[in-house]
Amino acid sequence: MSLGDAGYSSSDALGDAFFPLYQWLFDDSSDFVAGVETKLAEARRDETVELFLSRALGVGAIVGILFWIVGTLLGWVLFVTVISTDTIIGLYIANDALLAFINAIKVPALILLTGFFFGSIGFAAGFGGLVGVPYMQAGERKREINMLLPDAIAFMYALSMGGMNQLEILSAMAKADDTYGEVALEFRSIVQETEYFDTDYRSAVRNRSMETPSDELGQFLTDMLSIVNSGGDMTDFLSDKKDKHMRTAKQEQELTLDTLELFGEMYMTLSLFPLLLIIILVIMSMMGNSKTTLLYGTVYALIPLVGVGFLVLVSTVKEDEPGDGYLRLNEDEDGDAASTGREPGLFDLGLIERFRGEGALFERIYSREGTHEAKWLFTHPHLFFKRHPLYTLGLTVPVALVILGLAVAQGTAPTSLSRMQSNPIAGTFVWVYVPLYIIFLPLAVFRLWNLRSRRRVVNNLSDDLRKLSSANDTGLTLLESIRTVSETSSGKLAEEFRVIHAKVNYGTSLRDALVEFNNKYHIPRLARTLKLVSKAQEASSQISAVLTTAAQASETQDDLERERKSRTRMQIVIIMMTYFTLLAVMAILKVKFLDVMAGLATQASSGASSSAGGGQMSFGANIDIQMMNMLFFHAVTIQGVLSGFIAGYIRDADLLSGVKFAIVLPTVALLVFAFI
């Protein structure tokens, strides 16, 4: 390979340059090298451990040198111009010659030590950060595999019930990466090893069981291999494993919800800590020991840090549902926008994207399609924002900025700290609440509209799958069963079944109609169900057992969802009650403490001015009441926004789910402080 080849990147050159250092530092048989090599395999990174560690050494050396230069310059600034070096340790040295030598090398030594310290930090950050990437990638793959494994086994069981043999099941799983993600990629490795490396599939399964990052999948492959070698019944084996992993999924959710309950109790304590600190600092200010900087730091730094830190802590436990919910129209193609059959959008015109550049006719169709989409966008903006709620930010953020600019130009928005302190509610309303409402209200409305319209489809999914299974068991084909269920059922799913039946009657294949229906709503749970049904119906139209399996899997998902909502509802109540407690305490402090202190200070000042000679300052007279009012109001506002996002993330593992809470909670604080 020449240096001009596209495959030879600068990172490869960096790895080659530091390969001698790798050979000098590491032994190929060391545990560290073996561990990194294992993680590279688990992360599906196609590079050797030697090149990877050599590159990591190179990155660490470069970052270390940069940090060393910065540290040396910082040491020179500190020890030459800022910090006095006359007395560093304070030891008494009687020998004048030794003392003179120490004084001569003291400053250069301190500068070198500072540079070495920063350089070591830089090398550790560069080398350790790069080495940690495959560990994080392997951990993320393990999490996704464990989440999708129960549904993947149910998919394999349904295919086995449909009459597929072991190799066909492996091949079908390998092509199902649009639904089963990393699990399908593990099976794809097995299929590719058998096809391209002339390895028997038993050895390929054994190799993958040792290289997968998921212990659950590794154990499943090992058990499957033992069934294959012993000639056991694969269908019974998959049925047992399906039930086992469904129970395991419930146990994992129980553990997750128990951990979230513990986190809820932690949050109740941690979120009240800034409140206690504010009370202590106010009392210290009353006693004449003003801590204004600490008050500002508590409100504008500590409260956000506690909220963001707790959000990060919850994200380590709370697991979102993997996958985007889209299915490919053609399993043999990559998952690009055209092959997934997604609806046309602002930056994707759908199927015509695949034929762009093929000729003048296709260019004309592409142009007309773009014009059609633009007209539809301007005539149906509400439907466009329903499909893409985040696109509302492209409209609301500029509007909010324009309104803020006009408010500043007209003098409505305070531009100084003194003006903000004199009227904190009005100033905060202009700077915080107006942008909050303009940006978050449309986003919350369109997102809720989007979610409700999509969730209506899966409300009756389990029952309709049972009906499909019963109809199919009477001898009807799958298409006839879909028509029967659509005529005897109600709801959004029944309407979509009628559309599917009509599409097939007009020439669309049943699989394509199911995929188009799925991609209209792109719900991961629905995608896994329709993937199972569409794959099974390719082998036979009598798939009653497969539909029953799909119904059981859907019912299990319903049970998990109900339990999750029930348990997380308690966590949301804890967060809300904690916030309202903080709000009540802040309101009481303002009414019963700050306002009273303001009255006492006014009386003390009038009494002091009327008396001759004056006197000592009264207790609490040096408190800045306006500043305290502003800080109290800002504290509950910031806490309200953060508590809203935390509640939404705990509920749905999605930050956008907290937008509605982030509107309501600060609004309550605004109303309370406006009327007290």
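Just so you know, residue 1 is the first one in the sequence shown, and it goes up from there.
- Atom CD in Gln253 sits 10.0 Å away from atom CG in Leu260 (nearest 0.5 Å).
- In this structure, Asp463 does not pair ionically with Arg466, as no charged nitrogen and carboxylate oxygen lie closer than 4.0 Å.
- The two atoms that bring Thr548 and Ser469 nearest to each other are OG1-OG, 2.7 Å, heavy atoms only.
- Residue Leu526 comes nearest to Asn518 through the heavy atom pair C-OD1, 3.6 Å, listed as atom of the first residue, atom of the second, then distance.
- Taking a cutoff of 4.0 Å between a charged side-chain nitrogen and a carboxylate oxygen, Glu561 and Arg564 qualify as a salt bridge.
- Across every non-hydrogen atom of Met268 and Thr578, the tightest pair is CG-OG1, 3.5 Å.
- Taking all atoms of both residues into account, the shortest heavy-atom contact from Asp654 to Arg447 is OD2-NH2, 2.8 Å.
- A salt bridge links Arg55 with Glu47: the distance from a Lys NZ or Arg NE/NH1/NH2 to an Asp or Glu carboxylate oxygen falls below 4.0 Å.
- Using a 4.5 Å heavy-atom threshold, the side chains of Phe517 and Val457 count as touching.
- Using the six-membered ring where Trp is involved, Phe26 and Tyr22 have ring planes that are tilted, between 30° and 60° apart.
- Side chain of Ser239 to backbone of Thr235: no donor-acceptor contact under 3.5 angstrom is found.
- The aromatic rings of Phe263 and Phe310 sit perpendicular to each other, their planes meeting at more than 60°, with 30° as the lower class boundary.
- Atom CG of Asp31 has 12 or fewer neighbouring heavy atoms from other residues, nucleotides or ligands inside a 6.0 Å radius.
- Under the 3.5 Å distance criterion, the side-chain polar atoms of Ser566 are left unmatched by any main-chain donor or acceptor of Arg562.
- Rounded to the nearest 0.5 Å, atoms CE (Met224) and CG (Asn229) are 10.5 Å apart.
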Checklist line | Worked check of side-chain contact (heavy atoms from CB on, under 4.5 Å) between Leu665 and Met576 | finding: CA-CA 8 Å; Leu665 296 184; Met576 298 296 179; 3.5 Å; yes
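- The shortest distance between side-chain heavy atoms of Leu478 and Leu547 falls below 4.5 Å.
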Next item on the list: For the pair Tyr201 and Val228, evaluate side-chain contact (heavy atoms from CB on, under 4.5 Å) and give the outcome as yes or no after the intermediate values.
Entry: CA-CA 10 Å; Tyr201 84 95; Val228 171; 3.1 Å; yes
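- Summarising the geometry, atom OG belonging to Ser315 is positioned 9.0 Å from atom CG belonging to Leu655; distances are rounded to the nearest 0.5 Å.
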Margin query: As a quick check of understanding, evaluate side-chain contact (heavy atoms from CB on, under 4.5 Å) for Ile572 and Arg651, giving each step before the final call.
Written below: CA-CA 7 Å; Ile572 295 175; Arg651 179 180 175 85; 3.6 Å; yes
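- Under a 3.5 Å cut-off, the side chain of Asn472 and the backbone N or O of Ser544 do form a donor-acceptor pair.
- For the pair Lys250/Thr556, a side-chain contact is recorded, criterion being any heavy-atom separation below 4.5 Å from C-beta on.
- Heavy atoms of other residues, nucleotides or ligands lying less than 6.0 angstrom from CE of Met266 number more than 12.
- Rounded to the nearest 0.5 Å, atoms CG (Asn460) and CG (Leu465) are 10.5 Å apart.
- Salt-bridge annotation for Arg44 and Glu182: absent, with no side-chain N of the basic residue lying under 4.0 Å from a carboxylate O of the acidic one.
- The closest side-chain heavy-atom distance from Phe661 to Val641 is not below 4.5 Å.
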Item checked: Residue pair Val485, Ser489: steps toward the side-chain contact (heavy atoms from CB on, under 4.5 Å) verdict -> CA-CA 6 Å; Val485 173; Ser489 302; 3.6 Å; yes
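- Residues Ser534 and Arg511 share a closest heavy-atom pair of CB-CG, 4.1 Å.
- Between the side chain of Thr316 and the backbone N or O of Leu313, at least one donor-acceptor pair lies under 3.5 Å.
- Here the side chains of Ile145 and Pro213 are in contact, with some heavy-atom distance below 4.5 Å.
- Using a 4.5 Å heavy-atom cutoff, the side chains of Tyr326 and Val515 are not in contact.
- Checked by atom type, the side-chain pair Thr194/Thr199 shows no donor-acceptor distance below 3.5 Å.
- Side-chain contact check for Leu468 versus Phe497: some heavy-atom pair is nearer than 4.5 Å.
- The shortest heavy-atom contact between Val183 and Met173 is CG1-CE, 3.9 Å.
- Ionic pairing of Arg141 and Glu42 is not present here: no N-O contact between side-chain nitrogen and carboxylate oxygen is shorter than 4.0 angstrom.
- Remark: side-chain polar atoms of Asp652 are not paired, donor with acceptor, to backbone N or O of Ser657 under 3.5 angstrom.
- Within the 3.5 Å criterion, the main-chain N or O of Ala550 finds no donor-acceptor partner in the side chain of Ser554.
- Rounding to the nearest 0.5 Å gives a distance of 14.0 Å between CG of Asp464 and NZ of Lys492.
- In summary, Asp151 and Lys531 do not engage in a salt bridge, as defined by a charged side-chain N under 4.0 Å from a carboxylate O.
- Note on ring orientation: taking the six-membered ring where Trp is involved, the planes of Phe220 and Phe237 are parallel (angle under 30°, cut-offs 30° and 60°).
- Two residues are said to be in side-chain contact when any heavy atoms from C-beta on lie closer than 4.5 Å; Ser214 and Met147 fail this criterion.
- Side-chain N/O atoms of Asp215 and Gln219 include no donor and acceptor closer than 3.5 Å.
- Rounded to the nearest 0.5 Å, atoms CG (Leu148) and NE2 (His245) are 13.0 Å apart.
- Ring geometry for Phe446 versus Phe385: interplanar angle of 30 to 60°, hence tilted.
- A donor-acceptor distance shorter than 3.5 angstrom exists from the side chain of Asn519 to the backbone of Leu327, with no hydrogens or angles considered.
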Next item on the list: Step by step, work out the salt bridge (charged side-chain N to carboxylate O under 4.0 Å, His left out) result for Glu496 and Lys520.
Entry: CA-CA 10 Å; Glu496 293 296 337; Lys520 179 180 179 181; 3.1 Å; yes
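- Using a distance-only test at 3.5 Å, with no hydrogens or angles considered, a donor-acceptor pair links the side chain of Ser54 to the main chain of Glu50.
- With Ser171 contributing its side chain and Leu167 its backbone, the two residues share no donor-acceptor pair below 3.5 Å.
- Arg525 and Asp558 are joined by a salt bridge, as a carboxylate oxygen and a charged side-chain nitrogen come within less than 4.0 angstrom of each other.
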